[in-house]
Amino acid sequence: MIHSFRYNHKGRDLHFIFDVESGSLHNVDRSCYIISKSLYGKLDSAEKSELDGMDKQLICEITAELKQLEGEGGINCANYCDSGDKQIGEIKALCLHICHDCNLRCKYCFADEGTYHSKIREYMSFEVGQKAIDFLIANSGKRKSLEVDFFGGEPLMNLGVVKSIVEYAKAEASKHGKEFNFTMTTNCVLLTDENIKWLNEEMYNVVLSIDGRELVHDNLRRTINGKGSQSLVLANAKKFREVRGDKSYYVRGTFTAHNLDFAADVLYLRDQGFDQISVEPVVLPEDSPMALRAEHLPAIAKEYEKLAAEYLESRSHGKWFNFFHFMMDLDGGPCVKKRITGCGAGCEYLSVTPYGDIYPCHQFSEEKGYKLGSVVTGEFGLDISKKFAKNTVFNKPDCMVCPAKYYCSGGCCANNTHFVGDMSNPYAISCEMMRKRFELSLAIAGIERSLV
Amino acid sequence: MKHINTIVASGMKKTGNIGCGECQSSCQSACKTSCTVGNQSCKHQGERVNTTAKPLI
């Protein structure tokens with residue numbers, strides 16, 4: 001499969017051809033772009049007229065180059081075939097819901113302000129955390145690198161237990177020949193100097209939730225008393241950033257229908273001194289006033305284009321920063337197996353509630369029909385995992401014809417389930433945004449690597 | 001070639017050491033509400049995409 005696209009860089013149209021199966025990216029001239037589309041894709045009527053008016057010798061010359069490239073395996077490569085399901089029974093990562101409580105009341109929270117729709121504010125005990133670590137090690141098979149994400153609600157509200165779990169996991173890892181990477185997602189409210197020091201030492205990655213500009217953030221991320229939280233959160237996140245150095249972290253925001261100009265929030269975060277930034281589209285039912293709907297997609301696409309232009313400009317002029325959705329390692333990214341199996345929810349990645357119940361991922365937590373077992377009772381069945389194991393790109397007909405299939409792996413199982421009703425049918429709004437970001441990421445890579 | 005400038009030649013790993021399962025679970029990075037896998041790194045090649053370095057060449 002070939003994906004041909006254009007990108008306007010500083011008023012100049014650049015043309016690219018991306019071979020989906022080999023991951024090869026080529027910058028081509030306009031004539032080659034048209035001819036490659038005629039050979040491997042579909043021309044629109046204007047392009048067809050352009051081809052009709054092209055010099056025959058030029059067509060022969062370009063066709064010969066494309067055929068040479070095809071012979072070298074750089075274009076029109078054969079489809080990768082793998083009909084196998086995902087592996088089950090070997091777990092790699094747990095998302096520990098360290099508490100179902102939060103000190104913010106964010107209006108778009110998928111976890112219903114921390115309670116996951118249970119209306120009960122629960123805290124994980126050390127004993128449950130211990131059992132979760134035992135469960136992970138016992139079910140990790142031959143995997144060496146294991147991961148535990150401390151999630152909530154707000155995990156810093158139960159930091160004492162987090163610290164005990166980390167100590168326990170490290171001791172158990174050395175007994176069993178395993179390694180743990182710990183991560184945490186926090187809203188930054190309780191980031192004291194002491195907490196920052198500990199997190200910096202123990203966490204492989206820390207995700208700091210902040211939406212960007214003060215008005216945008218404070219509109220949706222408020223305290224229990226209804227006050228804005230941005231000034232406190234920003235100050236704490238900056239303190240963490242200062243201590244963190246080159247170690248892994250992200251500031252992570254959410255954009256909604258209220259801030260379709262979200263590029264301004266990304267750049268705001270850059271200007272506050274952050275260089276690892278992720279701002280994600282909100283996922284909410286269509287009847288929410290904050291929800292992103294189909295009619296927003298053209299504006300969102302334009303905003304991503306604007307962000308891409310600013311991104312290139314900024315990085316080339318001494319203000320380097322990384323935007324999570326424009327990251328792409330074209331030479332050393334994940335292998336094809338990883339790309340077709342995606343996030344691993346329900347199989348290698350599971351979540352554990354404060355009282356020890358096991359779910360396919362944090363987004364399915366407390367959802368009827370999705371409980372796999374309990375780390376407390378030891379009960380654990382693979383029936384639900386078997387259903388998730390079939391959730392590969394090859395079992396999603398819509399994805400098989402999508403050029404971004406090896407980059408999003410068929411989308412988020414939870415979003416597909418909650419908004420389409422079937423995890424094998426991708427959520428169209430997410431797909432549109434993904435394809436736009438995918439194309440821009442390729443263009444950015446192309447420009448930064450060879451066209452500056 | 002006169003009309004084609006190859007920027008990346010065959011970046012997709014389909015053979016050799018694939019499917020080892022040691023790379024980071026994507027939801028443990030910064031997603032949590034979406035799925036993005038293509039922007040991650042292979043464990044065997046080290047973290048390459050979000051380092052504060054200049055673009056990869």
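Per chain, numbering begins at 1; letters A, B, ... match sequence-line order.
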For each of [options], tally heavy-atom pairs with chain B at distances under 4.5 Å, and name the one with the top tally.
| options | result |
| --- | --- |
| A:F151, A:F326, A:Y427 | A:F151 |
| A:T341, A:I17, A:L66, A:V28 | A:V28 |
| A:E21, A:M434, A:Q68 | A:E21 |

Subject >> Ring center gap for A:Y311 and A:F321 short of 6.0 angstrom >> reply: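 Between A:F321 and A:Y311, which both carry aromatic rings, the centre distance is below 6.0 Å.
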
Quick one: what part of [X] sits under 4.5 Å from any heavy atom of chain B, side chain, backbone, both or neither?
| X | result |
| --- | --- |
| A:L69 | both |
| A:I444 | neither |
| A:C32 | side chain |
| A:L58 | side chain |
| A:K92 | side chain |
| A:F323 | neither |
| A:S430 | neither |
| A:V20 | backbone |

Original post:
Should the heavy atoms of other residues, nucleotides or ligands under 6.0 Å from NZ of B:K14 be counted, would the total exceed 12?
Top reply: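 Yes, enclosed.
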
Original post:
Is the number of heavy atoms from other residues, nucleotides or ligands within 6.0 Å of NZ (A:K337) greater than 12?
Top reply: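 Open.
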
Original post:
Within 45° of the ring axis of A:Y407 and under 6.0 Å from its six-membered ring centre, is that where the NZ or CZ of A:R339 lies?
Top reply: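 Relative to the ring axis of A:Y407, which defines the angle, A:R339 lies inside both limits.
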
**OP:** Apply ring pair (Phe, Tyr, Trp, His ring centres under 6.0 Å) to A:F438 and A:F18, showing your working.
**Re:** CA-CA 11 Å; A:F438 162 73; A:F18 183 67; 5.7 Å; yes

Subject >> Carboxylate-amine/guanidinium contact A:E448 A:R315, below 4.0 Å >> reply: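 Result for this pair is yes, salt bridge flagged.
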
Subject >> Salt bridge B:E22-A:K144, side-chain N to carboxylate O under 4.0 Å >> reply: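 A salt bridge is absent here (no side-chain N lies under 4.0 Å from a carboxylate O).
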
**OP:** Heavy-atom pairs under 4.5 Å with chain A are the metric here; pick the option from B:S10, B:G19, B:C20 that has the most.
**Re:**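 Maximum pair count with chain A is reached by B:S10.
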
